[in-house]
There are 2 protein chains.
Amino acid sequence: MVASVAPDLTDPHYRAAIVDLLGAIGYGEISACERLTEDAGRAPSLADKLELLQLAQVQFAQVQPILDGLRQLDADPYEAMAPFRAPIDAFHAYTAPADWWESLVKAYVGDNLVRDFYREFAVHLDEHTRSIIASTLAEERSEFVVERVRAGIEADHLIAGRLALWGRRIMGEALTQTQHVAAERETLSEVLAGGVIDSLDLASIAEIFGRITRRHIERMGRLGLEH
Amino acid sequence: MVASVAPDLTDPHYRAAIVDLLGAIGYGEISACERLTEDAGRAPSLADKLELLQLAQVQFAQVQPILDGLRQLDADPYEAMAPFRAPIDAFHAYTAPADWWESLVKAYVGDNLVRDFYREFAVHLDEHTRSIIASTLAEERSEFVVERVRAGIEADHLIAGRLALWGRRIMGEALTQTQHVAAERETLSEVLAGGVIDSLDLASIAEIFGRITRRHIERMGRLGLEH
């Protein structure tokens, strides 16, 4: 049982957790921008390439508010991001797309998983942090992926089975790396998992992961993929 | 001797040349965005990585006005860009940076060469095209490179000789690929080289290249490199 922590930025314990959280979000966005641009190199057409570069650019545009938010907390943004390089790089290394279809599914499924995760926890945070995080969640541009993947499956039914497994792997790897982070960053996980508000007990956490999983399955369905 | 062509978009010959020019600029920017992001993967620190990603993002932001400009000319932007993929990809393949320093010098020298080139020719074009091109030239964000390279040379004088050669190679490869394009895209080169306005004769072209070369040498000097 961990102590309850009020979502108050003057509390050093809570503040340290928020610096961690923003650091993780910031490096996640930088990293997503780089990977999406790399994936754009596999696009079958210039139009597809531009769509993916557009997603990369949206990710990058979200970095600055996070850096600003960290500086407002008197934190060095680069120090705050540093602990999350290894787990986020590992996530990308273990989910390196083998082709264009895997790139597309990862862009859609991965980005939305991350957004769901932050959205769920942001409601329990202080208003200032919540508004910073909300600004990074504002734009959702990956719907073009749905069209492309559905058309791809229609043209070649065989890719559906492979991509369904791929979606599961992304989900699994995201959970694995989240657990690593939770184990290593005690302050962050205490605040997110236990202390932010009294009502956020283990049952609530299970509910949150249940909702995230359900939305993941819905998205896989929209892509025409079984989970 | 080629015929004089007035810079008038209702003239199909001139219009075809402008579609070519915008296609080349557009693909050049997409490609620069991809390469800069790739180069960001070699950055020694997160702060440096962000600087290079910022440059990549500036390049990408310039793509949309070019696509819009092409559509205004009833051209398919992807078809317009297609002929320039091979020479621009070749330029990047022959100037693939071997390390962070080469990435920095290429970002600075290459980007500014391209900008000089467009700036020189844009003055001879119709006002509409000129304003589209001007919008892609508006932002100059690569000055951070100057600081970094100068500091790098101060810390290790040996890199200066190598980077000076590297700058020459980028200039040489840019000229080589420009010549390929000029040879293959007759309408474009006729309009740019001969016909746009009567005064743009061979002597003027030589002057333009003289100015571009001088500015290149000045930039190399700012980096602390001999040409």
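Throughout, protein chains are lettered first and strands after them, A, B, ... in sequence-line order, and every chain is numbered starting at 1. When reading the values below, keep in mind they use all heavy atoms of this one structure, side chains included, and skip hydrogens, waters and symmetry mates.
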| remark: Here the gap from A:K49 atom NZ to B:Y78 atom OH, rounded to the nearest 0.5 Å, amounts to 12.0 Å
| message | Counting only non-hydrogen atoms closer than 4.5 Å, does B:F60 touch chain A with its backbone (N, CA, C, O), its side chain (CB onward), both, or neither? | response | side chain
| task | Output the option from B:Q64, B:M81, B:Q57 having the highest count of non-hydrogen pairs under 4.5 Å with chain A. | result | B:Q57
| Closest contact, heavy atoms only, A:T37 versus B:E34 | CG2-CA, 3.8 Å
| task | Mind listing the closest non-hydrogen atom pair of B:L53 and A:C33 along with its distance? | result | CD2-SG, 4.3 Å
| Is the CZ atom of A:R130 crowded by more than 12 outside heavy atoms at less than 6.0 Å? | yes
| Between A:L50 and chain B, which part of the residue has a heavy atom less than 4.5 Å away: side chain, backbone, both or neither? | both
